[in-house]
Structure formats: C-alpha cells, structure tokens
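This one's a predicted model, so the numbers in the text were calculated from it and none came from an experiment. Numbering starts at 1 and runs along the sequence shown.
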Amino acid sequence: MDFFQAVRKRRSIYTLTDKSTLEEKEITDFLELALANAPSAFNSQSARLLLALGESHKKVWDIAKKALKEIIPTEKFPPTEAKLKSFSDAFGTVLFFEETKTVSELQSKFPAYKDNFPLWSQQANGMLQYVVWTGLAALGMAANLQHYNPLIDPQIANAFKIPPSWKLIAQMPFGITKEQAPAKEIIPPAQRLKVFR
C-alpha cells in the first residue's frame, strides 16, 4: 500500500478482534522503525513505547476498568464497560510515553527554548502516534487512540515496571477489524486551506 492509500485508510476503528496480520517480531520491528524515524525537536527522541500483547494487553484494560469503576456510578457504568471491552477484545495495545528526563535536560541545555520543549515533545509524540497508526493501517490492521491517563498512570507504572520519568501520553488498541469504518464527513478543503502566490 502506498503512503497516500494508508493515510486514507487510517481511521478510528472500534470493532477490533484479537487477530493480527503480523507476527510479534514483525510488530516489534515496525515499532522500532517508527521510533527511529518519527521526527522530534532537536532530535531528542524522547518518545517511549510499550507493546502489550496477550495477558499484558488484557491487564491494561483491566486496570482502566477498575480505575473507572471507582469514579463512575454503578448505574452509569455499563456503556463504559462495553467500550473498555471493545479495547480489551483487540489483539494488543501500544502505550505511548514521553521520557520527561530528556525534556528537562534540553530545557537546562537550551534555556531560551525552555517553555517550548514540553510542547515540542507532545508534538513529536503525536507524530509518532500518527506514524504507528498509519503504519498499522498499511499493514492491514485497525486501531483507535485512547487517553485514560493520568487516571491509570500509577497502576500502569506499577504493573509494567515503568520508570518514574516516563509520562503516559496515550493508548492505542489494535487488531484486525470486524467491519470497515463508516464514511466520515470531511469539511471541504477550501474552507481549511489558503494558498497565496
């Protein structure tokens, strides 16, 4: 699949199965490629990934379920539980982190840009998320992006021995989809793009 086909195919897909088009080694190779090639300010490479498969993948969503159950009233919990089950039913989850130590070191080294480095690190992490998401689409997989942080941060850190300096940014469950995404409404490009000569 060429790049532009993959860009068109990448969507938020919630009907995921526990099947994969890839072997574990192929997934890790792809994630290593994404980490090595996604851009970052000052080539900081501050993004970190955790690939959760099998029982570890289930554990991520069990943690989210337990944390949400503590703050959502019982009578309102069923829709949340169903949503979390759709993530748990997937093949795996990629968790995206930022190494805050790297950001702090850059702030100290380049004080003129101190206020920008946290923003730039978030932008770089977003670009990595897009590379992974679009890459999964190109490889025949589907995914969606979730943000249950910071609610689940301590439990995830404890369960997976995450260093204290890693800040959780997002979670991406992925797998083969049961059905294609419906057509989405696209604002006409003329309303969003200005060209000057």
Side-chain angles (χ1 to χ4, degrees), residues 1-40 43-65 81-99 121-149 152-153 155-157 159-163 166-184:
M1 183 180 298
D2 75 20
F3 176 73
F4 294 107
Q5 285 179 302
V7 166
R8 289 186 190 97
K9 189 172 180 186
R10 185 225 53 84
R11 295 285 303 280
S12 293
I13 309 286
Y14 298 96
T15 53
L16 303 173
T17 70
D18 61 357
K19 303 288 186 281
S20 174
T21 60
L22 307 168
E23 299 295 327
E24 182 177 331
K25 175 73 164 63
E26 293 174 304
I27 299 171
T28 57
D29 287 349
F30 158 63
L31 292 177
E32 287 174 4
L33 182 142
L35 276 168
N37 292 285
S40 59
N43 195 30
S44 61
Q45 301 178 58
S46 56
R48 302 290 183 267
L49 297 179
L50 185 154
L51 173 62
L53 300 172
E55 289 306 309
S56 292
H57 159 71
K58 300 286 186 197
K59 186 185 291 185
V60 169
W61 299 108
D62 287 344
I63 287 169
K65 180 178 175 180
E81 187 172 29
K83 189 176 183 183
L84 292 169
K85 183 179 184 309
S86 76
F87 307 145
S88 182
D89 286 346
F91 180 77
T93 301
V94 180
L95 290 89
F96 295 82
F97 297 83
E98 273 297 304
E99 173 53 272
S121 83
Q122 290 286 329
Q123 291 170 347
N125 203 288
M127 287 188 279
L128 175 62
Q129 292 164 31
Y130 186 75
V131 168
V132 172
W133 202 347
T134 306
L136 285 169
L139 295 165
M141 306 281 268
N144 59 74
L145 191 65
Q146 300 302 314
H147 301 90
Y148 287 97
N149 44 292
I152 63 173
D153 290 16
Q155 302 92 317
I156 291 290
F160 297 103
K161 310 289 186 279
I162 301 298
W166 286 26
K167 180 181 179 185
L168 183 59
I169 305 296
Q171 309 84 50
M172 186 180 289
F174 66 94
I176 294 176
T177 182
K178 295 177 190 173
E179 56 195 47
Q180 295 306 308
K184 71 174 182 178

Keeping [X] on the side-chain end and [Y] on the backbone end, is there a donor-acceptor pair under 3.5 Å?
{"X": "Arg48", "Y": "Gln45", "result": "yes"}
{"X": "Trp166", "Y": "Ala47", "result": "no"}
{"X": "Asp153", "Y": "Asn149", "result": "no"}
{"X": "Ser44", "Y": "Ser40", "result": "no"}
{"X": "Thr93", "Y": "His57", "result": "no"}
{"X": "Thr177", "Y": "Thr15", "result": "yes"}
{"X": "Arg10", "Y": "Ala143", "result": "no"}

Just so I know, are the side chains of [X] and [Y] near enough to count as touching, which here means a heavy-atom distance under 4.5 Å?
{"X": "Asn144", "Y": "Ile13", "result": "no"}
{"X": "Leu168", "Y": "Ile152", "result": "yes"}
{"X": "Val94", "Y": "Trp133", "result": "no"}
{"X": "Trp61", "Y": "Gln146", "result": "yes"}
{"X": "Leu139", "Y": "Glu26", "result": "no"}

Work out which heavy atom in [X] is nearest to a heavy atom in [Y]; give both atom names and the distance.
{"X": "Thr17", "Y": "Lys178", "answer": "CG2-CG, 3.4 Å"}
{"X": "Ile156", "Y": "Phe97", "answer": "CG2-CZ, 4.3 Å"}
{"X": "Gly140", "Y": "Thr21", "answer": "O-CG2, 3.4 Å"}
{"X": "Ala170", "Y": "Leu145", "answer": "CB-CD1, 3.7 Å"}

Inset, instruction - For atom CD of Gln123, decide whether the heavy atoms of other residues, nucleotides or ligands shown that lie under 6.0 angstrom number more than 12. - result: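 Correct, the count exceeds 12.
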Legend entry - side-chain contact (heavy atoms from CB on, under 4.5 Å), paired with Phe174, selected from Leu136, Leu22, Val132: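 The option that passes is Leu136.
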Check residues 81-88 and write down every donor-acceptor pair under 3.5 Å in which the side-chain atom is one partner and the other belongs to a residue at least two apart or another chain.
residue	atom	partner	partner atom	Å
Glu81	OE2	Lys65	NZ	3.0
Lys85	NZ	Asp89	OD1	3.3
Lys85	NZ	Asp89	OD2	2.9
Ser86	OG	Lys83	O	2.6

Inset, instruction - Taking atom types as modelled, find out whether Glu98 and Ser46 have a side-chain donor-acceptor pair closer than 3.5 angstrom. - result: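 Distance-only check passes for Glu98 and Ser46.
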